[in-house]
Amino acid sequence: MTKVEKNAISPTREQDFPEWYQQVIRAAELAEPSDVRGCMVIRPWGFGIWENMQRQLDALFRATGHRNAYFPLFIPLSYFAKEAEHVEGFAKECAVVTHTRLEVDAAGKMKPASPLTEPLVVRPTSETIIGASYAKWVQSYRDLPILLNQWANVVRWEMRPRLFLRTTEFLWQEGHTVHETEAEARAETQRMLGVYETFARDHCAIPVFAGEKSEGEKFPGAVQTMTIEAMVQDRKAIQAGTSHFLGQNFARASGIQFQNREGKQEFGWTTSWGMTTRMVGTVIMAHGDDDGVILPPRIAPTQIVILPITPKEETRGQVLEVCDKLASDLRLKRYADLGLEIEIDHRQFGGGIRNWEWIKKGVPIRLELGPRDLENHSVTVSRRDHPMKEKQLMPVTEFVACAQEILGSIQQNLYQRALKFRDANTRAIESKEEFYDFFTPKDSVKPEIHGGFALAHWNGSREVEEKIKSDLKVTIRCIPVSDPEPGRCIFTGQASKRRVIWAKAY
RNA sequence: CGGGCUGUGGCUCAGCUUGGUAGAGCGCCUCGUUCGGGACGAGGAGGCCGUGGGUUCAAAUCCCACCAGCCCGACCA
């Protein structure tokens, strides 16, 4: 070879993190920008990750008593406008359908014709349209709770799209529930936050901080917004899931009323909660390295790829046969409540091309099997979470016996790594000077990776929040659910009940 | 929505100042040698030069308009 690059992805994370992110997605064939502004094409490998996330989250929802349903993509403007804060919050990013057909104009061009009497908003979220159904379904306290979820696409007309992290159209899941009492609805909000926390940790191998959003960062129309916040490798925060206690705001707007146990009419107490394809981007940024994506086995579309090494025509048949046998033995194994997903890459490329492709895609385990292994009944095992040079020669039977164990160990390792990284970049901060210093890069022209999560006291005021945001682009990510720790606000010196988490965010 | 920059094979770009009908690298295809760490050689395919108009004998190149994208700002659950 004439040129040997040290890493598969250029630039490295250190050199230019945002560009690295784009290149990783391209190299791993996860997704690509489409011709439609702000929208992306999710390719099979990327969609496979999402499908696994879906499957596993869905199981967690079912286990907590929720069922799936589907509601319309289009929301009549009048429904949407029922909750004042809600419309105001979303107004600037709504796509609106105003016409129902196309006609050829004088110049021979297709033009929208036949205006609708009432415009339809393409759902940016579905509280109001689902609320309309709930209003019909709920009459008595005996109809409660309603615990539904829908898997859907939503549209939010964003200014700065980034693949997976912020796109005009994205895929998500939105849960919508109605309860008899405030306490029950609040408990539901917490419970689903817990589900997200579990999902992030056990399936995506990402540690998160769970907590409450400040007044300024709340969902429009919510009484309380809970969030899980992850840290990715440029030390920025990313909101990975939210759970809202909506009080009676939406019930009032949609007319969700029931006769309570005392025979009186009362508005229902509602919640909503969601997680999106942004989680795919979070996984990429949390675990990836300078050679590409690294996928936690539980959400990898394929856990193990087999690379038959067939240098000689004479042994090719035998090698392929052994590979097929190995694949079918492995496929009998259970993993993540499903069968193990195995792929054999039969393509006859020279050198390490195939190997590199799978490294970039982040497959947890690569198996090389060639003529030399035939006699020894052995296989060469490479783990994506270990340096690529590191290979382990192992009897085939032994590998088959411990495959799940190795995958479990990779899953654990990724989580521990991410946890260690986050903890190393999370600091208690005791003064304003220290805070500004923490969040100010040394190189102002081309900022290096800096900052992290700052745990600092805050007096609870909106003004301080705004000031910090405009000075440093740092926001309160969440007010942790933890025991109070009285102190003094580092910006104003006023009393503070607890530390809150500050960070730059996606 | 305001300011700046850029649109040329699949990708990254050169050519434009000084108009003469299109190039490189990578990728792709074929053949041969290779193949357990990103291989090498030879040959080959592929372009309405963002769109529309204008100037000219002649436009990728000059002029005008439009469209799209990127960066900065504003905005942003």
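Lettering follows sequence order; numbering is per chain, from 1. Quick caveat, the model's predicted, so the values are computed rather than measured.
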Produce a footprint string for nucleotides 2-11 of chain B: one letter per nucleotide, 5' end first; B if the base is under 4.0 Å from any protein heavy atom, S if only the sugar-phosphate is, - if neither. ----------
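- Across all strands, A/K469 comes closer than 4.0 Å to no nucleic acid atom at all (heavy-atom distances).
- Closest-nucleotide positions on RNA chain B for A/P311 and A/R166 were compared, and the one nearer the 5' end corresponds to A/P311.
- The residue A/R372 sits close to a base: some heavy atom pair falls under 4.0 Å.
- In this structure, A/E313 places its CD atom 13 Å from P of B/U34, rounding to the nearest Å.
- Proximity note for A/K473 (side chain, C-beta onward) versus B/G36, B/G38, B/G73: the nearest is B/G73.
- Under 3.5 Å, the side chain of A/N355 and the base of B/G38 form no donor-acceptor pair of N or O atoms.
- A/T475 and A/R477 are linked by a side-chain donor-acceptor pair at a separation below 3.5 angstrom, with hydrogens and angles left out of the test.
- Each of A/G352 and A/K312 was matched to the nucleotide of RNA chain B holding its nearest heavy atom; the match closer to the 5' end belongs to A/K312.
- Nucleotides B/C64 and B/U17 have their P atoms positioned 15 Å apart, rounded to a whole Å.
- The same atom, P, is picked in B/U61 and in B/C49; the two are 9 Å apart, to the nearest Å.
- Atom pair A/R347:CZ and B/U34:P shows a separation of 22 Å (rounding to whole Å applied).
- Residue-level contact check: A/K213 touches neither bases nor backbone, having no heavy atom under 4.0 Å from any strand.
- Counting only Watson-Crick and G-U wobble pairs whose two distances sit under 3.5 Å, RNA chain B takes part in these stems of three or more pairs: B:1-7 with B:67-73, B:10-13 with B:23-26, B:28-33 with B:39-44, B:50-54 with B:62-66.
- No hydrogens or angles considered: nothing links the side chains of A/T189 and A/S243 as a donor-acceptor pair under 3.5 Å.
- Heavy atoms from other residues, nucleotides or ligands lying under 6.0 Å from CD of A/E19 number more than 12.
- Among the protein residues, A/E93 comes within range of the sugar-phosphate backbone only, with heavy atoms under 4.0 Å from sugar or phosphate atoms but none that close to a base.
- Protein atom CE of A/M388 is 11 Å distant from nucleotide atom P of B/G36, rounded to whole Å.
- Using a 4.5 Å heavy-atom threshold, the side chains of A/W358 and A/L307 count as touching.
- A pairwise comparison of heavy atoms in A/D345 and A/R354 identifies O-NH1, 2.8 Å as the closest pair.
- Remark: P of B/C70 and CZ of A/R162 are 12 Å apart, rounded to the nearest angstrom.
- Proximity of A/Y134 to A/L148: side-chain heavy atoms (C-beta onward) are separated by under 4.5 Å at one or more points.
- Within the 4.0 Å cut-off from OP1 or OP2 of B/C76, at least one side-chain nitrogen or oxygen of A/K92 is found.
- Rounding to the nearest 0.5 angstrom, the gap separating the OG atom in A/S272 from the CG atom in A/N149 is 11.0 Å.
- B/G3 and B/A45 are spaced 48 Å apart, taking the P atom of each and rounding to whole Å.
- Look at CH2 on A/W356: it is 15 Å from C1' on B/G36, rounded to the nearest Å.
- Whole-Å rounding puts the A/L163 CG to B/G69 C1' distance at 14 Å.
- In this structure, CZ of A/F349 is placed 16 Å from C1' of B/C40, rounded to the nearest angstrom.
- Look at the P atom in both B/G36 and B/C40: the space between them is 13 Å, to the nearest Å.
- Distance, A/Q23 CD to B/C26 C1': 13 Å, rounded to whole Å.
- For A/R235 and A/F17, the positive end is not near the middle of the six-membered ring at less than 6.0 Å and at most 45° from its axis.
- B/C57 and B/U21 have their C1' atoms separated by 14 Å, given to the nearest Å.
- B/C5 and B/G44 are spaced 43 Å apart, taking the P atom of each and rounding to whole Å.
- Heavy-atom minimum distance, A/T167 versus A/R162: CG2-O, 3.7 Å.
- In this structure, A/F90 reaches neither bases nor backbone, as no heavy-atom distance under 4.0 Å exists between it and the strands shown.
- Spacing of C1' atoms, B/G4 relative to B/U12, comes out at 23 Å, to the nearest Å.
- Between A/T227 and A/E229, the side chains place a donor N or O and an acceptor N or O closer than 3.5 Å (distance only, hydrogens not considered).
- In this model, a donor atom of one side chain and an acceptor atom of the other lie less than 3.5 Å apart for A/S126 and A/E174.
- Between B/A22 and B/C16, the two C1' atoms lie 12 Å apart (nearest whole Å).
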